[in-house]
Amino acid sequence: MSFAARNPSVLIFLSVLALFTLLVTVMSEAIGTGLVSTSFVKILGKTLCLALVAVAMDLVWGYTGILSLGHFAFFGLGGYMIGMWLMYERTHEIAAAALAEGPIPPTEAEITAAIGNQIFGVVGSSDFPPVWAFADSLTLQLALVVMAPGLLALIFGWLAFRSRVTGVYLSILTQAMTLALALYLFQNDSGLRGNNGLSGLQNLPGVDAPQSHVSLWFFWASALALGVGYVFAAWLVGGKFGSVMRGIRDNEARVRFLGYSVESYKLVVFTLTAMIAGIAGALYYPQAGIINPAEIAPIASIYLAVWVAIGGRGRLYGAVIGAVFVSLVSSWFTGGQAPDVPLGFYTVKWVDWWLVVLGLSFVLVTLFAPRGIGGLFDLVTERQPPERHGANLGPDAGSLREKEASQ
Amino acid sequence: MSTLLEVSGVSVTFDGFKAINNLSFSIGHAELRAIIGPNGAGKTTFMDIVTGKTRPDEGRIVWGGKSRSLLNMSEARIACEGIGRKFQKPTVFEDQSVQENLLMALKKDRGPLAVLFYRPQAADLERVRALAEEIGLADQLYRKSGELSHGEKQWLEIGMLLAQEPRLLLVDEPAAGMTSSEREHTTALLIEAAKTRAVVVVEHDMEFIRRLNCRVTVLHEGAVLAEGSLDHVTRNQDVIDVYLGR
Ligand SMILES: Nc1ncnc2c1ncn2[C@@H]1O[C@H](COP(=O)(O)OP(=O)(O)O)[C@@H](O)[C@H]1O
Ligand SMILES: [Mg+2]
């Protein structure tokens, strides 16, 4: 059987994604009717990036049973890596243009000093920290988009999995990792502008096109990345590697006694998904325009887990649905668009109450609809999980229970 | 007959409780052996030690013709060396089909990269089908194994063990919860398997042991109490006292 025939959901997903991309394009301000504003194109593009990182989260949690609460660190790291090049090149343009007005043409050293002043003035410095060594090379920074998160994941994963840290302890450790990274980046001497973060990322160096066009390009790129990432993920979980992943989730000791090195597999999945998260972040932050350390606060990674849980873990489209649905609803409520609800004695302001609603729905979904929104599709396809009399699918707290296992 | 596995002077202590006490055991290349003993005698712990799940406090475990020590190997490594294990509770991957379970167990390169690009060849599928035939699950290949009956799960697990092509098979209470006809099938499977490899069966049921018709090792309080034919050990006064006389 061909790949598409074995995975009809992949074909459906790609069609929906293509249709959606086309629809947004013909309604965009840049080349369409203008029904969809540029800022909304950016929101949609960012949402696709969140869907991609949710797919990565589903691979690591929903399929392999590792409840990582640190994948947003990799997402942010990817954003920082591309942000460095964007900011450097953009500042280079501006500095070179400003100096060119002078009576004598500036030297390379003068330009570099001007860029340094411009970028690091806010943290009271003007020297380039060593981490900016490759900032002038798009190729190298693009490589770092996957290498930096990948390397961090590799080192962290190697330490954690080798000592067989599992379940809730691993989750806590991943939270500590993302917290440590955020705290480090908050420092002014971290070399990445402390809490100012990197800004002006929406401007593409060397490109004169208006934001309406740039936003559409990034939207397309995000859709492409999500499509490719989705197909890759489906290919990964559809083969024997996926069998081993699900085996590890359900009973890792048994997988070990089959002769598979569980630690290596976990490390591969953890690192691979960190790289995917890095790519998603590198597409997200140019659309957001700014990245700062608050983006990788521990809560961000927890949201990621909530999206996947609400969407339905252990199925790829569930992760996408969860990320898209929750993040869009979330930005509607917190963006002040949702009308307040006057109760007479108290007015419910959604900006304040949205988190409560989200937390509550997370608890309710976990308790009563563990298959998440994606579970609704089972009503159509009548996919039935095996009857297991409520038994746990695996030995860890992080593994799925009967009702949740669906693939 | 040369020995395949030689365990000598092994002890394990759990929180001050000596679960295995100076145990010695050995088995040849194509031998069927039954281990019996009361609950808590240390039978499962013995398997844990051989498969690398539990590290012994002292003693030696020597494996294969090259006499390698198993003590420093990981569980996965020991499994790749050719020691397969069936757990007391049937543990198959219930969320996956019978075919997927068997394919995962099939003796192939276990490295992540090789597995990533692995696509089942016709020969592999044929082998899986033959195994399914042997364990009586040929017409259930595409069913999720979670839907199988208790006995069928036990067989699937035995099938997965055979797929691994191990040189030593450790089987923990295979007949528990089986009907008598299922037991007969299981006996036949094990006797057949022992023709080409070493098989160690832990079992409570005397009838089952009798049908295996093999050498018996009696374990008690973490040490070997008696060893020999079933008739020989059942005549042993110590054995009668601690186990059969109850
Ligand atoms: N991980 C462990 N921690 C503490 N005690 C254990 C552990 N595993 C086994 N034991 C104890 O060791 C003894 C032997 O257990 P086991 O090998 O399971 O016996 P059985 O012969 O019934 O399979 C029992 O008393 C059991 O309680
Ligand atoms: Mg036992």
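Within every chain, numbering begins at 1; the chains are lettered A, B, ... in the order of the sequence lines, protein sequences first and strands thereafter.
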Query raised in the report: Heavy atoms under 4.5 Å from chain A: which residues of residues 44-63 of chain B carry them?
Result: B:Thr51, B:Lys53
Query raised in the report: How would you list, by chain and number, every residue that makes a salt bridge (Lys or Arg N to Asp or Glu O under 4.0 Å) with B:Glu157, sequence neighbours excluded?
Result: A:Arg254, B:Lys86
Query raised in the report: Would you say the side-chain atoms of B:Arg119 pair up with the backbone N or O of A:Gly239, donor to acceptor, closer than 3.5 Å?
Result: no
Report task. Determine, step by step, whether B:Phe117 and A:Phe241 satisfy the ring-ring contact (aromatic ring centres under 6.0 Å, His included) criterion, reporting the C-alpha distance in whole Å, the side-chain angles of both residues, the deciding distance to 0.1 Å, and the verdict. Result -> CA-CA 8 Å; B:Phe117 293 104; A:Phe241 197 92; 9.5 Å; no
Query - Interchain contact, A:Val268 with chain B, by part (heavy-atom threshold 4.5 Å) - result: side chain
Query raised in the report: Would you say A:Trp158 has more than 12 foreign heavy atoms packed within less than 6.0 Å of its CH2?
Result: no
Requested in this report: Test A:Asp250 against B:Glu94 for side-chain contact (heavy atoms from CB on, under 4.5 Å), laying out the working first.
Outcome: CA-CA 8 Å; A:Asp250 295 343; B:Glu94 312 219 342; over 6 Å; no
Report task. Drop me the distance from B:Gln164's CD to A:Leu258's CG, to the nearest 0.5 angstrom. Result -> 5.0 Å
Query raised in the report: Non-hydrogen atoms of chain A under 4.5 Å away: do they reach the side chain of B:Leu116, the backbone, both or neither?
Result: both
Query raised in the report: Side chain, backbone, both or neither: which part of A:Leu267 has a non-hydrogen atom closer than 4.5 Å to chain B?
Result: neither
Query raised in the report: If you count the non-hydrogen atoms of other residues, nucleotides and ligands that lie under 6.0 Å from CE in A:Met147, is the total more than 12?
Result: no
Query raised in the report: Which atoms form the tightest heavy-atom contact between A:Tyr265 and B:Val115, and what is the distance?
Result: OH-CG2, 2.9 Å
Query raised in the report: Based on non-hydrogen pairs under 4.5 Å, which of A:Gly242, A:Gly247, A:Ser261 is most in contact with chain B?
Result: A:Gly247
**Report entry** Atom group of A:Val255 that falls short of 4.5 Å from chain B, counting heavy atoms
**Finding:** both
**Report entry** Separation of B:Ser74 OG from A:Arg256 CZ (nearest 0.5 Å)
**Finding:** 8.5 Å
Query raised in the report: Which pair of non-hydrogen atoms, one from B:Cys80 and one from A:Gly259, has the smallest distance, and what is that distance?
Result: SG-O, 3.3 Å
Requested in this report: Look at atom CZ of A:Phe232 and say whether more than 12 heavy atoms of other residues, nucleotides or ligands are closer to it than 6.0 Å.
Outcome: yes
Query raised in the report: Out of curiosity, A:Ser243 OG to B:Gln99 CD, how far, rounded to the nearest 0.5 Å?
Result: 9.5 Å
**Report entry** side-chain contact (heavy atoms from CB on, under 4.5 Å) between B:Asp95 and A:Arg249, intermediate numbers included
**Finding:** CA-CA 10 Å; B:Asp95 197 27; A:Arg249 173 191 74 193; 2.6 Å; yes
Query raised in the report: If you measure from CZ on A:Arg246 to CD on B:Gln96, what distance do you get to the nearest 0.5 Å?
Result: 4.0 Å
Query - Intermediate values then yes/no, side-chain contact (heavy atoms from CB on, under 4.5 Å), B:Thr91 and A:Phe257 - result: CA-CA 11 Å; B:Thr91 43; A:Phe257 290 118; over 6 Å; no
Query raised in the report: Does atom CG of B:Asp139 have more than 12 heavy-atom neighbours from other groups under 6.0 Å away?
Result: yes
Query - B:Glu75 portion near chain A, given a 4.5 angstrom heavy-atom threshold - result: both
Query - Engaged part of B:Arg77 at the chain A interface, taking heavy atoms whose separation is under 4.5 Å - result: neither
Query raised in the report: For the residue pair A:Tyr260 and B:Ala76, what are the closest heavy atoms and their distance?
Result: O-CB, 3.3 Å
